[in-house]
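We count ligands from 1, going down the list as the structure has it; atoms in each ligand are counted the same way.
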Amino acid sequence: MNALSIRVKGTVQGVGFRPFVYRIATEEGIEGFVRNTPSGVEIRVEGKSDLQPFLDRLRRELPPLAQIDDMRVRKVRPLLLSGFRIDATSEGGSTVFAPADLFMCDACRAELQNPRDRRYRYPFINCTNCGPRYTLILGLPYDREKTAMRVFPMCPDCRTEYESPSSRRFHAEPNACPSCGPGLTFIDNGTRKSGGIEEAVERIREGDIVALKSLGGFHLVCDPFQPATVARLRALKKRSRKPLALMARDATTAEKLACLSPDELRVLASPQRPVVLLRKKKEIAGLSPGLDTYGIMLPYTPLHFLLLQEIPLVVATSANERESPILKDESEEVAGLADCILTHDRPIANRCDDSVVRVFRSAPLFLRRARGYVPDPLWLPGIRKQKSILALGAEMKDTVTLLKDGYLMTSQYLGDMNDLRNLAYMEEALERFRELFSAEPAMVCCDLHPGFATTRLAERTGKPVIRVQHHIAHVFAVMAEHSLDPHGDYLGVAFDGLGYGDDGRIWGGEFFALNGARALQRWHFRYVPQPGGDLAAREPWRMALSYLRDASGEIPRVGILHDIADDKIRAVARALEVGINAPLTSSVGRLFDAVAALAGIAPTRMDYEAEAAMRLESTVEPSESGVYTFSISGEEIDVRKMIGEILRCGEPAEVVAAKFHNTLASIIVRMAEVCREQYGIARVLLSGGVFLNAVLLEKTIATLEERGFAVHYPRRFSPGDEGISVGQAMYAAALG
Ligand SMILES: [Zn+2]
Ligand SMILES: [Zn+2]
């Protein structure tokens, strides 16, 4: 008689893991049980025969949503059990994770479209292989009573499915049907009626804006081909040019508007269903002015699926005003943003925006990591930290991260913490996170910046606070997700808009030679004044002035400087002269603004972060291989000659954009060589929001690899400031 005790860690709840174990154990004719424990799942198997085939199948035939991070198998004394059973869910503190929200599986889709099925056209159909998860969860263990579905008692039919190990809905916590589950309501001018998909479609066709309750919040939905409606939507959202996401019925519809490579198609149609940036084939006015891409997603709930059967393409953008959190129920005044509302009575437990990615080297690169990708904890095999750590991130595009029992749990994108509404959202998310992962952090990490709301929040906790420099955190985030030894040797490259430096200056163009979590040396872009401080991040012409003055002492009228009033230019020039309200910066983000302004393609005032930089990337002439002149002296990278060349040559914007990207890639490669000569370091970590730029990222990686460097960059998290909390937690774990 053989007997094994198997302990499994990973994503093993809410994914049909226990019925799966039950099925293969029964098929293999072995005895035992499977049950949830506070730290995972425990399986006990006994049999006269070899148990190895069972173990092999356990790994090989895993249900699609399950993930095993760690599996320990121990020989034990047989208990002489008979049969195989599934034990009820256990209580207790938990590092068992529920998965993220995923689009409906093929089996559910077939039922949805089958007129004889009891869930025919039911917008809330789901099973253990698909459907909502994170946005429904109130607490763990993952159990119906701890989800937003607790207000819907199951009917006898649903209950039978739920209790039958052979059913696809065995312990599917959101299980529901038309007779017992949530339903739709259409609200127009205060009048409510049930159902409403047809009405919503009608109103979209008529040019109205419909607020549609989705998974993690409301969408504002309208017809992309009606410019007056799109303009009205922009006015309501207070966004004049920020790209509006589209939802297309299927890939064929998406392909009429934009190019779709096989990799892009795979990501677009994946069950995570992110918004994917795709290169435009034709222009629809007002959707993403000045850029060469559309953000497109496919339906990601059965409700979207049913709606899009009637209308092939809609604008589907988060229901919120500029910078505020996505709205999640009618009481949050959704009505003020739309002409009518299509809602439902399944509460949203966790607000969550749509994820936004671009496909880079066959995989998603995150502009925003949220729905479909959270919680997805990151298992850090090398970290055996006993105490749990909470990291609060920086300010813009913030997330929070908890480190507990060797797992990093990072929240969805939470927005800009400078805004009180988002700060409240963060506290809401933080509360849920601490509950979900039963963590009481022993220490708290924050940014060096004394003025950030997150820094003040960290100080108020009364716990030991670890302050981590912004760009160091960017680099450590890359180590975390690639399971790199934090005590190794690396060249960390961090390019972004801004972060508070050790010297009180604004950093954002940094190179660190790192050894054992310490910086041996830092190189940086030459400091230039940032006239007007934060205002310069919104008005790119200010940085153009600063770079021109630094390069030549003169301020000729070039690029968008033609469009700026004389008195404004004189005032900024004077401020630069005397150094008033002009903090010094090494930011590559601001350098992008300056070059976009000189090339004449930046807006005079930006509508959203990185607008000028995204336009510059969109403008690149791919066949141009020229490089501008730059120099490195001591720890400073000097691009004054480059600014002079841009001025003198008067080349078209496409050429300037290309040569500028080539120059940045050359600077990184040169710095990597300098660092390799001086310190023998041949491993480069790239991070910071600037590396969302696929042109720069591709050129940089390709050239570095050619020269024999190992290169790592963010894959599971965004290169932008969403990754700061990840890096802070990793840094604290490495040093603690
Ligand atoms: Zn399903
Ligand atoms: Zn039912």
Side-chain angles (χ1 to χ4, degrees), residues 11-23 61-67 97-137 142-185 194-195 214-216 249-250 268-274 297-309 344-347 371-373 376:
T11 304
V12 287
Q13 278 196 14
V15 292
F17 188 77
R18 286 177 303 161
F20 153 72
V21 173
Y22 173 87
R23 183 172 57 76
E61 297 174 23
L62 215 52
L65 306 186
Q67 183 189 312
F97 311 112
D101 305 274
L102 297 174
F103 181 57
M104 125 177 108
C105 67
D106 291 343
C108 284
R109 182 202 295 234
E111 291 170 356
L112 185 79
Q113 294 177 293
N114 176 3
R116 283 184 305 281
D117 193 274
R118 68 191 189 94
R119 292 188 181 85
Y120 177 55
R121 292 183 63 79
Y122 182 56
F124 304 95
I125 188 169
N126 66 83
C127 73
T128 50
N129 298 323
C130 74
R133 296 288 188 276
Y134 179 65
T135 53
L136 291 187
I137 298 175
Y142 178 58
D143 201 359
R144 191 172 180 101
E145 277 314 298
K146 290 186 177 169
T147 72
M149 288 300 290
R150 63 184 173 184
V151 294
F152 299 100
M154 275 181 274
C155 68
D157 286 348
C158 287
R159 166 73 50 196
T160 305
E161 293 167 335
Y162 183 86
E163 286 172 354
S164 155
S166 61
S167 162
R168 206 172 84 245
R169 297 194 167 90
F170 177 72
H171 277 271
E173 306 302 343
N175 190 25
C177 77
S179 57
C180 67
L184 295 176
T185 304
S194 63
S214 171
L215 268 185
R249 177 188 291 163
D250 48 28
L268 188 73
S270 67
Q272 287 83 5
R273 300 263 155 141
M297 63 186 143
L298 298 185
Y300 62 80
T301 66
L303 175 56
H304 292 130
F305 180 85
L306 292 168
L307 186 86
L308 273 281
Q309 291 292 299
H344 58 74
D345 52 356
R346 188 178 67 198
R371 183 206 26 94
Y373 297 94
D376 192 20

Next item on the list: Check the angle between the aromatic planes of His344 and Phe124 and answer parallel, tilted or perpendicular using the 30° and 60° thresholds.
Entry: perpendicular

Check: Among Ile125, Asn126, Thr160, whose side chain to side chain contact (heavy atoms under 4.5 Å, CB included) with Arg169 holds?
Finding: Ile125

Notebook entry, point to check: In degrees, rounded to 10 degrees, what angle do Cys130 atom SG and Cys108 atom SG make at the Zn ion (ligand 1)?
Noted result: 110°

Next item on the list: Taking the Zn ion (ligand 1) as the vertex, measure the angle between atom SG in Cys105 and atom SG in Cys127; round to 10°.
Entry: 100°

Next item on the list: Quick one: pull up CD in Glu161 and CZ in Arg118 and give me the separation to the nearest 0.5 Å.
Entry: 4.5 Å

Note to self: A cation-pi test, strictly: NZ or CZ of Arg371 under 6.0 Å from the centre of the six-membered ring of Tyr300 and no more than 45 degrees from its axis. Yes or no?
What the structure shows: yes

Note to self: Only to 10 degrees, please: what angle do the SG atom of Cys155 and the SG atom of Cys158 make about the Zn ion (ligand 2)?
What the structure shows: 110°

